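Input: a single structure, listed below in structure tokens.
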Amino acid sequence: MDVSSVLESLNEVQREAVAAPTGNLLVLAGAGSGKTRVLVHRIAWYIQTGQTNPYGILAVTFTNKAAAEMRSRIEVLLQKPAGGMWVGTFHGLAHRLLRAHWQEAGLPENFQILDSDDQSRIIKRVIRSMSLDESQYSPREIQWFINSQKDEGLRPQNIETHGDPEKQLLVKIYQAYQSLCDRSGLVDFTELLLRAHELFRDQEQVLEIYQQRFRHLLVDEFQDTNALQYAWLRILAGQNGSLFAVGDDDQSIYSWRGALVENMQRFQRDFDGCTLLRLEQNYRSSANILKAANTLIANNSSRLGKELWTDDEEGEKIDLYLAYNEHDEARFVVDRVATAKINGNYYCDHAILYRVGAQSRVLEEQIMQAGIPYRVFGGMRFYERAEIKDALAYLRLSVFIDDDASFERIVNTPTRGIGQRTLEELRNRARQDNISLWQSAVQTIQDKTVPERALNALERFLKLIAELRPDLKDIELGEVMDVVIKNSGLIDHFRKEKGEKGLARIENLDELVVAASEFDADKEEYGDMDPLSAFLSHAALESGDTQADSYTDYVSLMTLHSAKGLEFENVFIVGLEEGLFPHQRSSGDLLQLEEERRLCYVGITRAKVKLSLTYTQHRRLHGAEYYPQPSRFIGELPVEVLSEVRLGSSSGLSMFTSNENTSKSDTGLNLGQRVNHLKFGEGIVLNLEGKGSNARVQINFKETGSKWLVLAYANLQTEF
DNA sequence: TATCCGACCTTTTTT
DNA sequence: AGGTCGGATA
């Protein structure tokens, strides 16, 4: 094999990283600097120099999409399947370990995976069963508490409460939640990681197997690792393993879900002989775009430090558009996209990025009106849909009767006369005897401790599930799914739902049958699990990211967060306003503000050719009116790369005024304008009405709040 | 058991 | 504004 081919087409630093001697290496890789490329080539280098075969390599990422892309790029480079290599997400790999070592990990063979919705339902139940006030102990907060404890590697008994009764109670809830999960063989997402870590920590012989095997560990997006993931990598690497980590501290935007940028510094301390390389040459964006990105991010402190550069030319300036309101903003963007299309560009080279999901609606309205195909990313995923989870719950229960989450979900869906009273009885018994709801139901039927009518209903339910079971073994997966959906009565149930909704649900259920029949359990991923169990795991771990159809041309709408890792010729970032971006909830805290700035940096660096930024004078959000100040991030960009867009009266402006009926009297004032009043001081124009001597103006004064004034007497100063 | 009403919330997302 | 959720009601 010609080793040099792996190094061809790499720049000097990339080559240095790829061909570095085996050992611990941290690659600080800027946006668009070819970071995944380096990682993939590093793997090929290991193999082609004979340092290891695929069997000795473990490469880990955060999303299934990234993992799939990595694997396929490796295989392209090697020109053969990379069998035996472990490539996957932290959760996927942890899952694989736990399936292989379920006994050592103290799990039932058929353990089921809880997604966060399942988890939150269980937590609600636990709170209720402890007769706590739900309004005082919000399930959300408790879920957050439990997950962050687990992220820290903490079990209830390890948590120091310092006698704080509040915390003691939280720990008690955590405990109760965990024992419910344990007795019903349920593993939440974080638990996958925690158990996998404990497996390594406590089972020396297991750890040894994997330490021997995986001498070469590689991590992408290292800045996104949390404490537990870091600990897992560290224990697996041991003394003899080597870790190749690629990341960018400037793109760390997930601290709010436990990601620790500090892991990049820690890595250099904790891992022997760690070297640091910087990939700073950018192959994506024009010089102007990079200049904007570099200048912006330089406002952050405590960076590892790096500055992107490019051989590319200066390129176009960055457009900056001040819109009247969010409709005008949307119209501006859509107009630009439409024009680009007419000029021979593709829709799919365009992305519209926003800070919060709620901003997509107005954009969608405009883009729909223009008849432009688009896709909104994010939101409900396929396997998260209620009807899909219902159907899967039938399956899960049939393969693993102790799965309480599924039992609860479907015991009375569709309604079959098993009401709250009966359920309460089942739950109590389950808790008292530390058994699953299914076992509890069996005993309840034996002891006849509920009314006859409920008893019969319960019996019918158990029989329904039990009858599914023998059928499932022999027939093909799609057929299994079909039988489940038909026998469960879900179709009839949703048919009764009025409107489009029920219809859509039934279509989704059809789609589920297709998904099941097309599912092909990868032996590497799922070992010798039976196909049905493998499919259920798959459904839990891959929430069904709908693959972008490559043959349709559409504009992408997404949050800045979901844009990370992507690139587009043409990028619009909308809503650059104080309070929105940076978001209100981040603006009080310096660290959070810096994360917002990194988010902006991520957004800017998505653009290859053209970047446009917009903000508004007036925005309606959550039913309230805002007259926001321009985002500080605009002010942090170098003026020389910006170009302010002023529309002639023929385009956006006239459309705006005619459509919105906000044409104001000719007062010489604009909405959002700053004015000064002799008595009330400084304020901002909120509204105008009437004409001539009747004209009135509403002003939000800094000191005294909002007031209506007759313009003729107000004697406002507009320049000060 | 279905449906309606009002209280409540609303940053970002993956697994 | 718009969606979700839980409780009250028919």
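Quick caveat: nothing in here was measured; it's all calculated off a predicted structure. Order of the sequence lines sets the chain letters (A, B, ...), proteins ahead of strands, with each chain counted from 1.
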Spacing between [X] atom [atom1] and [N] atom [atom2], to the nearest angstrom:
| X | N | atom1 | atom2 | answer |
| --- | --- | --- | --- | --- |
| A:R585 | B:dC9 | CZ | P | 11 Å |
| A:H622 | B:dA7 | NE2 | P | 20 Å |
| A:W144 | B:dT12 | CH2 | P | 18 Å |
| A:H583 | B:dT10 | NE2 | C1' | 8 Å |
| A:L353 | B:dT12 | CG | P | 14 Å |
| A:L593 | B:dT12 | CG | P | 17 Å |
| A:L580 | B:dT12 | CG | P | 10 Å |

Parallel, tilted or perpendicular, judged at 30° and 60°: which one describes the rings of [X] and [Y]?
| X | Y | answer |
| --- | --- | --- |
| A:F519 | A:H538 | tilted |
| A:W256 | A:Y254 | tilted |
| A:Y230 | A:F222 | tilted |
| A:F633 | A:F581 | perpendicular |

* Exercise: do A:S184 and A:D403 side chains pair donor with acceptor under 3.5 Å -> no
* May I have all residue pairs that pass salt bridge (Lys or Arg N to Asp or Glu O under 4.0 Å) and include part of residues 578-593 of chain A, sequence neighbours excluded? =>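 Output for this query lists A:E578-A:R632.
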* Asked: OP1 or OP2 of C:dG3 sitting under 4.0 Å from any side-chain N/O of A:R361?
  ->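 For A:R361, the contact criterion (side-chain N or O under 4.0 Å from OP1 or OP2 of C:dG3) is not met.
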* Non-hydrogen atoms of A:D224 and A:A259 that approach each other most closely -> O-CB, 3.4 Å
* To do: Answer with yes or no after comparing the ring centroid distance for A:W86 and A:F214 against a 6.0 Å cut-off, counting only values under it.
  => yes
Listing time: all N or O pairs from protein to nucleotides 1-3 of chain B that are below 3.5 Å?
from: B:dT1; atom 1: OP1; to: A:G417; atom 2: N; distance (Å): 3.2

Between the protein and nucleotides 13-15 of chain B, which nitrogen or oxygen pairs are less than 3.5 angstrom apart?
from: B:dT13; atom 1: OP1; to: A:T559; atom 2: OG1; distance (Å): 2.5
from: B:dT13; atom 1: OP1; to: A:S562; atom 2: OG; distance (Å): 3.3
from: B:dT13; atom 1: O4'; to: A:R257; atom 2: NH1; distance (Å): 3.4
from: B:dT13; atom 1: O2; to: A:R257; atom 2: NH1; distance (Å): 3.1
from: B:dT14; atom 1: OP1; to: A:R381; atom 2: NH2; distance (Å): 2.7
from: B:dT14; atom 1: OP2; to: A:R381; atom 2: NH1; distance (Å): 2.9
from: B:dT14; atom 1: OP2; to: A:R381; atom 2: NH2; distance (Å): 2.8
from: B:dT15; atom 1: OP1; to: A:N64; atom 2: N; distance (Å): 2.7
from: B:dT15; atom 1: OP1; to: A:N64; atom 2: ND2; distance (Å): 3.3
from: B:dT15; atom 1: O2; to: A:H91; atom 2: NE2; distance (Å): 3.3
from: B:dT15; atom 1: O4; to: A:S116; atom 2: OG; distance (Å): 3.2

* **Stepwise ring-ring contact (aromatic ring centres under 6.0 Å, His included) check, A:F407 with A:F461** => CA-CA 10 Å; A:F407 188 101; A:F461 175 65; 5.5 Å; yes
